[in-house]
Q: 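First, the structure itself, so that you have it in front of you.
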Amino acid sequence: MSAQRGGIHHNRSSLKEREDHSTMGIDSTTKDRRRTRAGRRHPLASVALILAGLVTTGGAYALFTSTATAGTANTAIVQQQLVEEGEALFAANCASCHGANAEGTGEGVSLHGVGAAAVDFQVGTGRMPMAAQGPQAEQKPVQFTEEQIDALAAYVASLAPGPEVPDESLFEGEADLANGGELFRINCAMCHNVAGAGGALTEGKWAPALMGVEPKHIYEAMITGPQNMPVFNDLNLSPEDKADIIAYLKYMEETPNVGGFGLGSLGPVSEGLFMWIFGLGAVVGVTVWIAARAN
Amino acid sequence: MRFTNAAASYIDERTSISGAVRELGRKIFPDHWSFMLGEVALYSFVVILISGTFLTFFFDPSMSHVHYEGSYAPLRGIEMSAAMASTLDISFDIRGGLLMRQVHHWAALLFVASIGLHMLRVFFTGAFRKPREINWVIGFVLFILAMAEGFTGYSLPDDLLSGNGLRIIDGMLKGFPIVGTWISYLLFGGEFPGLVVIPRLFVLHIMLLPAILIAALGLHLLLMVINKHTQFAGPGRTNENVVGVPVMPVFAAKAGGFFFVVFGVLVLIASFFQINPIWNYGPYDPSPVSAGTQPDWYIGFADGALRLVPPGWEFVLWGWTFSFNILVPVAILGLFIVIVAIYPFIEAWVTGDKREHHIAERPRNAPTRTAIGAAGVTFYAVLWAAASSDLMATHFRLSIEGVIHTLQALLFLGPLIAFLVTKRVCLALQKKDREIALHGYESGRIVRLPGGEYVEVHQPVSEYERWRLVSYEDYAPLMIRPNDQGRITLGMRMRAALSRWFFEDRISPATKGELEQGGHH
């Protein structure tokens, strides 16, 4: 839970930093560059304009309604607002591959029915928008704020029913570590490795390492099956089972390695390489030293 | 003084040990760093014995089912074998147990690695030649025993990784036509995994294999004493003597110190670096196989051979399943290690050399052998790398199919390239040596002669250095000669052909006459 909050906080602060940089960063050289470019609008200008408009209207709206008592009508309006915001973001950032109505194109799949959870996972871990077509969407710094991700998720969820973003109560509280560990070894370890260090799949794809992933995203991955991952629905792994698996992964992440440095938790390959390079290397160094002392 | 004298004669009168001490104490060891690699193996074996004895006090080699109730929370209440539970207890609940486990495992890795390096040293210096062929074979047996010890030990904790390793062995056994299934049933006491394999492997691991290993080790050392140690060529060092320090007292002191250095390095590694964290792997269960499942490094080449087999090599004929996907790699590996074992005899037959050799050759002075060795190392290295094909794919962002196909091609092309390149490099180095022996080093000083000619002044090498450069055997290809009956047999033709292949390209050492002429030609 604390990790979760920390994550949001981090996102916000990093966004703020980015804004600061952009205002402070306009010095003479950038102005010069701008002047030469006069006559052409910056490609992101329209996005920025829409964003600014949305934020101001949204902000004003929030200001006006904050004093009013919250009612069902109001939440419906807020929801509608969110969907519209998401639609705008979608049109600007996602539509080129997923289609103007998220119906899918040759470049990207249809998003009807993937649900808010899939959007929250893909965008929230930085996998979407993709930087380039490849065997698999790569993780990279998250491109949107938490609010923007929520808006995108709300828009995609409004298209067709699908898995929702899980409530945090699902993976909080007491968990059975032993059950989580056993389920992890049976269901997950064949791709993600017993220590969650990740592993290879076919055709250049891979199962990513699981250390440092937010509980929410692990849960969403299990219910949506991103990339090559299968879906683990609630009949397959009950919500309690999922919570146990997440608790086990968090235990592995937070507990210091027993017995020293883990060498990447890659098993005998890194152990063997270590022994050949450093163990045998050190010993051979000593033999050279001993032989040299004789002369 | 009086007491020691009395004690010494008391013992000597009853054991006649003074003769042995005199013999052993005066044994001479030449000094070269590469001559100490076998010692490293010996010392890590001692470390294995010490730490292994500790582990046997607490390990329970039983496959009876228990519920783990120790201190490692994520496994508490899980059903597992007593072997796994006791290994967890050694790791978490017995004082010093984890350190000893890690010392034991790291020492095992160093043991096999140092044997491998020691064998390479012996191979590339030709130290396996007469009279040491038998000792090479004994050393080879030690290498195989060390791998068997390693594999049985890897299987004992009955964790997921070791169970997967045994599953592969089970599959390999079952791949043999007709008898395979029965051999597998015999080993596992019925269908895999059964309830008997861990106790059986335990008996092999702590009794039978170490007993054979120690006996072979004793024989190996005894033959080394009898044959004397090889030495590199140098002034005063001939085929008839050994120049170095005697065992008593210098070498013994050095070796004793070196033992503690090896022990210290191993304990240091074991204290700071985790090895085989069985609590991550969990108890063995035939259903899960973790990503990145590999054997310990020394079995890696066999795992790699299985990984490199193309698909579709298994077919059913007349109601029998023929698993060439298993038989072919097993046959290739078998052939490879048999060639390693009998190489001294092959080379002796090809060269027809019946003399004793006590001077270790520099690898460049036996270009064909060195090239064969390089090809063998490359072949082994490709198989070895193949065992980590999945990790190469993830860590270097490659597709696993690409990695496998590249390694498949390299398995055949790599040794060929290595052979050709190594042979040329050796010949070039020999040429350089010959040049230096005859004309000395280039000094970089250019002198203009009165006639206007420019020459570079060469610095002659010292006597000591020149000795090293020119004293090596010069072999020539064998001529085909008819035998007593006046016939030329097929064996002779083959031998002559191989001999030609070995020695056709060669650089002869500078002769005395050439050296006396020096640069004046």
Side-chain angles (χ1 to χ4, degrees), chain A residues 135 176-182 184-187 189-195 197-207 248 251-252 255 257-276 278-280 282-284 286-295, chain B residues 31-34 36-37 40 73-78 91-92 98 102 106 109-110 113-114 117 160-161 245 254 258 261-262 265-266 269-277 279-282 285 287-297 300 387-388 390-391 393-394 397-402:
Chain A
D176 183 350
L177 279 180
N179 184 47
E182 191 161 34
F184 181 79
R185 286 190 291 274
I186 293 173
N187 293 290
M190 39 276 286
C191 298
H192 289 288
N193 164 306
V194 278
L201 302 175
T202 52
E203 303 290 351
K205 293 170 287 205
W206 70 95
Y248 176 68
Y251 176 90
M252 301 253 283
T255 321
N257 252 335
V258 182
F261 297 108
L263 303 174
S265 298
L266 295 173
V269 170
S270 49
E271 291 160 7
L273 275 180
F274 182 84
M275 187 35 92
W276 268 93
F278 296 101
L280 203 56
V283 169
V284 167
V286 173
T287 63
V288 172
W289 176 67
I290 292 177
R293 299 286 290 180
N295 304 331
Chain B
D31 244 331
H32 190 267
W33 68 268
S34 70
M36 279 189 269
L37 296 170
V40 178
L75 286 175
R76 214 171 287 152
I78 298 273
S91 308
F92 290 101
L98 182 61
Q102 302 208 131
W106 280 122
L109 295 194
L110 181 64
S114 53
L117 210 57
L160 192 58
L161 198 61
V245 292
K254 265 186 169 181
F258 188 40
V261 170
V262 172
V265 166
L266 283 170
I269 290 175
S271 324
F272 287 107
F273 297 94
Q274 183 190 59
I275 189 163
N276 197 21
W279 49 91
N280 280 350
Y281 299 119
D285 168 351
S287 60
V289 179
S290 164
T293 293
Q294 268 96 7
D296 273 340
W297 78 260
S388 57
D390 54 329
L391 292 174
T394 49
R397 293 300 186 89
L398 303 163
S399 89
I400 190 151
E401 289 85 352

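Protein chains get the first letters and strands the later ones, always in sequence-line order, with residue 1 at the start of each.
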Q: Using a 4.5 angstrom heavy-atom cutoff, name the option from B/Asp296, B/Ile275, B/Thr293 with the most pairs to chain A.
A: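 Most heavy-atom pairs under 4.5 Å with chain A: B/Ile275.
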Q: Mind checking whether A/Phe274 and B/Phe273 have ring centres under 6.0 Å apart?
A: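 Between A/Phe274 and B/Phe273, the centre distance is under 6.0 Å.
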Q: Taking side chain as C-beta onward, heavy atoms only, is A/Val284 less than 4.5 Å from B/Leu117?
A: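 Sidechains of B/Leu117 and A/Val284: in contact.
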Q: Less than 4.0 Å between a side-chain N and a carboxylate O, is that true for A/Asp176 and B/Arg76?
A: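 Looking at B/Arg76 and A/Asp176, the cut-off is not met.
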Q: Name the region of A/Leu201, side chain, backbone, both or neither, that has any atom closer than 4.5 Å to a heavy atom of chain B.
A: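 Only the backbone of A/Leu201 comes within 4.5 Å of chain B.
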Q: So which of A/Asn179, A/Val258, A/Thr202 has the biggest tally of heavy-atom pairs under 4.5 Å with chain B?
A: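 Result: the option with the highest number of such pairs is A/Val258.
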Q: Report yes or no: do B/Gln102 and B/Asn276 form a side-chain donor-acceptor pair below 3.5 Å?
A: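 No, no side-chain donor-acceptor contact under 3.5 Å.
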Q: Among B/Val265, B/Ile78, B/Leu161, B/Val245, which residue has the highest count of heavy-atom pairs closer than 4.5 Å to chain A?
A: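 When all of B/Val265, B/Ile78, B/Leu161, B/Val245 are compared, B/Ile78 has the most.
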Q: If you tally heavy-atom pairs under 4.5 Å against chain B, which of A/Ala189, A/Gly199, A/Ala197, A/Gly272 wins?
A: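 Result: the option with the highest number of such pairs is A/Ala189.
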Q: Say whether, by atom type as modelled, one donor and one acceptor occur between the side chain of B/Gln294 and the main chain of A/Pro268 under 3.5 angstrom.
A: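 Not confirmed, B/Gln294 side chain does not pair with A/Pro268 backbone.
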Q: Considering only heavy atoms and a distance below 4.5 Å, find which of A/Leu177, A/Thr255, A/Asn187, A/Leu273 pairs most often with chain B.
A: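 Max contact count across the listed options: A/Leu177.
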Q: Flag the one option from B/Ser34, B/Ala291, B/Pro277 with the top tally of heavy-atom pairs under 4.5 Å to chain A.
A: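 Of the options given, most contacts go to B/Ala291.
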Q: Is the side chain of B/Ser290 donor-acceptor paired with the backbone N or O of A/Val194 at a distance under 3.5 Å, no angle test?
A: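 Such a contact is found between B/Ser290 side chain and A/Val194 backbone.
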Q: Counting C-beta onward and ignoring hydrogens, is there a side-chain heavy-atom pair between A/Phe261 and B/Gln274 closer than 4.5 Å?
A: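 No; the side chains remain at least 4.5 Å from each other.
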Q: Quick check on the interface: out of B/Ala387, B/Gly282, B/Gly300, B/Ala113, who has the most heavy-atom pairs with chain A under 4.5 Å?
A: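 Looking at each option in turn, the highest pair count goes to B/Ala113.
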Q: Could you check if a side-chain atom of B/Trp279 sits within less than 4.5 angstrom of a side-chain atom of B/Pro74, using non-hydrogen atoms only?
A: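 A side-chain contact is absent here, since even the closest heavy-atom pair is not under 4.5 Å.
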Q: Given that the side chain runs from C-beta out, which part of B/Leu391 has a heavy atom under 4.5 Å from chain A: side chain, backbone, both or neither?
A: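 The answer is the side chain of B/Leu391.
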Q: By a 4.5 Å heavy-atom criterion (distance strictly below it), what part of A/Leu263 contacts chain B: side chain, backbone, both, or neither?
A: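 When you check distances to chain B, only side chain atoms of A/Leu263 fall under 4.5 Å.
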Q: So for B/Leu109, is it side chain, backbone, both, or neither that comes closer than 4.5 Å to the heavy atoms of chain A?
A: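 Both backbone and side chain of B/Leu109 come within 4.5 Å of chain A.
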